[in-house]
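Working notes for the structure below.
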Amino acid sequence: MGDDKLPKQSENFSEWYNQLIQKAELADYAPVRGCMVVRPYGWALWENIQKELDSRFKASGHVNAAFPLFIPMSFLEKEKEHVEGFAPELAVVTIGGGQTLEEPLVVRPTSETIIGYMYSKWIKSYRDLPILINQWANVVRWEMRTRLFLRTLEFYWQEGHTAHETAQEAEEETLKILDLYTDFAINEAAVPVIPGIKSDAEKFAGAKQSYTIEAMMADTKALQSGTSHNLGQNFAKAFEIEYLDRNNEQQFAWTTSWGLSTRFIGAIIMTHGDDQGLIMPPRLAPIQIVIVPIFRSEDEQGIVMTCVNEIVKLLSKFRVKVDDRENLTPGFKFNDWELRGVPLRIEIGPRDVANNTVVAAQRDIPGKAGKLFLIIDNLDMQIEKILNDIHNRMLDKATKFRDSHIFEPKDYEDFKQIVSNGWAYAYWCGDPACEDAIKQETKATTRCRDLHQQKSDGKCIYCEKPAHYKTYFARAY
RNA sequence: CGGGGUGUAGCGCAGUUGGCUAGCGCACCGCGUUUGGGACGCGGGGGUCGGCGGUUCGAGUCCGCCCACCCCGACCA
């Protein structure tokens, strides 16, 4: 419950974030450093995210399965870049049942290796391809600095792992998923994202190429919100995923992997939230509509509650909660549900019952300006439209905010200024040395090169040598 | 792992040069009055003062060691 007041976003964004998560009961700190407990309200949001993603995966031919939590240490070591990338953040089990294990087991940081091993068993011929598997799982990465949802030692995600006959098919799959993530982010979460290509320094350990959806948070920092990797034949070679092709010749398969995690909840919080608290995107909100009944006497209570119950029936296709707590005033409840980000609040008092109306307060428009007076007839139809309007306004607002904080720098001095409070869209020659120097000097990293950018001529923002593509640079979570 | 900081009730804090039964606000429980934008009164419950050791007649307070967490750097979905 909201006890005392939330810090203002503008005064201390990071405190605002931490406290909001706890006050809104999305998550809490676990007794283990860097671990979180996802509370029912937060998990309900995750379940809605899962539902939307899962149905998209299934619709595009993917199936779910479950692979082990433990991975033999030697598996990680089979792909050179992969082990180098993950070695520093592995949790390793060395004792089982009181006995020292012959081979240490890694708690999965991601499952390319063990799934690769299984794929090599399952795939014999081109007739076995493609194989399109997803798993919903928890993974562990021993991070140094943690933040609720954004970076915890253990987090929840989905990881898709596919194997294909040709390089082209693998690339198509990688891009198809990137597109799927983009569609999800925009149309379900109202989070505008920029799909693009990661630099070599930022790509997944072991990938040939990584794609990302990048979102701008309300403090202008960037958040990598989902990734899709074309693994080429790297893992196929490491795990001998071979098949007999249509010409009766042995070939290595082409694989991909892609994931979206509970980090996305952080994206939702930091894209839409305001000084009052969360603003849940209507299509993912655990509670889409909260009804606050208002009455003085027991007589009024009876009249109002009868009306409330009818309206609950009328709104059965939405996720509705009636706040019938008797020890709290309506004013307190208004603030409480605003903190929790419920997109639409319906107030029903004796006056409304008499007039056959309700008051509806839209979360994204604070105060009286967002209140609507609705006639109860066809309320479900009206509300369907209102929730869509809220989604559209949220997306529009976040998009405008993002676009008004992206600038094309004139020179490197200008660049430094820009990335202190926004994103720079600048030519980069592609040299990792420039990328690294910029990171050291400004804390800004390359986020991505947007997907459909046309080649053009310019000069690198850092070294001023010829460059042909612009890249987004930003401070990132 | 380096630099800085903080540990007293669920949360936020006070606690004097060491002294009596460790306090306050919010939250929680009970009763009553309230209820259209964060209600009020009365009563009540809740503490190994981060841990261990030391100094002392006496330690929340002084000393030592340890632990945890937070902020800033190096690593990251």
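Lettering follows sequence order; numbering is per chain, from 1.
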What's [X] touching, base or sugar-phosphate or nothing? Going by heavy atoms closer than 4.0 Å.
| X | value |
| --- | --- |
| Pro109(A) | nothing |
| Glu347(A) | base |
| Leu150(A) | base |
| Gly349(A) | base |

Looking only at N and O atoms, is any donor in the side chain of [X] or the base of [N] less than 3.5 Å from an acceptor on the other one?
| X | N | result |
| --- | --- | --- |
| Lys371(A) | G37(B) | yes |
| Asp352(A) | G36(B) | yes |
| Arg296(A) | G36(B) | no |

Distance in angstrom units between [X] [atom1] and [N] [atom2], rounded:
| X | N | atom1 | atom2 | result |
| --- | --- | --- | --- | --- |
| Leu328(A) | G37(B) | CG | C1' | 14 Å |
| Leu6(A) | G38(B) | CG | C1' | 13 Å |
| Glu300(A) | U34(B) | CD | C1' | 13 Å |

Task: Geometric class of the Trp258(A)/Phe57(A) ring pair [parallel <30°, tilted 30-60°, perpendicular >60°] - done: tilted
Task: Aromatic plane relationship, Phe264(A) with Phe184(A) - under 30° parallel, 30 to 60° tilted, over 60° perpendicular - done: tilted
Task: Atom P, compared across U61(B) and U48(B): separation rounded to whole Å - done: 16 Å
Task: Selected nucleotide, minimal atom distance to Thr152(A) side chain, candidates G36(B), A77(B), G37(B) - done: A77(B)
Task: N or O in side chain of Thr329(A) less than 4.0 angstrom from A39(B) OP1/OP2 - done: yes
Task: Side chain proximity check, Phe235(A) to Tyr119(A), heavy atoms < 4.5 angstrom - done: no
Task: Close side-chain approach of His62(A) and Arg56(A), heavy atoms under 4.5 Å - done: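 The answer is no, as the side chains (C-beta and beyond) never meet within the 4.5 Å cut-off.
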Open item on the list: For G38(B), is there a stacking contact with Phe334(A), counting only centres under 5.5 Å and planes under 30°?
Closed with: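 Not stacked: fails the 5.5 Å / 30° test.
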Open item on the list: Against the six-membered ring of Phe334(A), is Arg345(A) placed for a cation-pi contact (under 6.0 Å from the centre, within 45° of the normal)?
Closed with: yes
Task: Non-hydrogen atoms of Cys448(A) and Glu214(A) that approach each other most closely - done: SG-CG, 4.0 Å
TODO: Check Pro109(A) against Leu90(A) and note the closest heavy-atom contact, atom names and distance.
DONE: CG-CD2, 3.5 Å
Every protein N/O within reach of nucleotides 68-74 of chain B N/O, cut-off under 3.5 Å:
residue	atom	partner	partner atom	Å
C72(B)	OP2	Arg145(A)	NH2	2.2
G73(B)	OP1	Lys443(A)	NZ	2.5

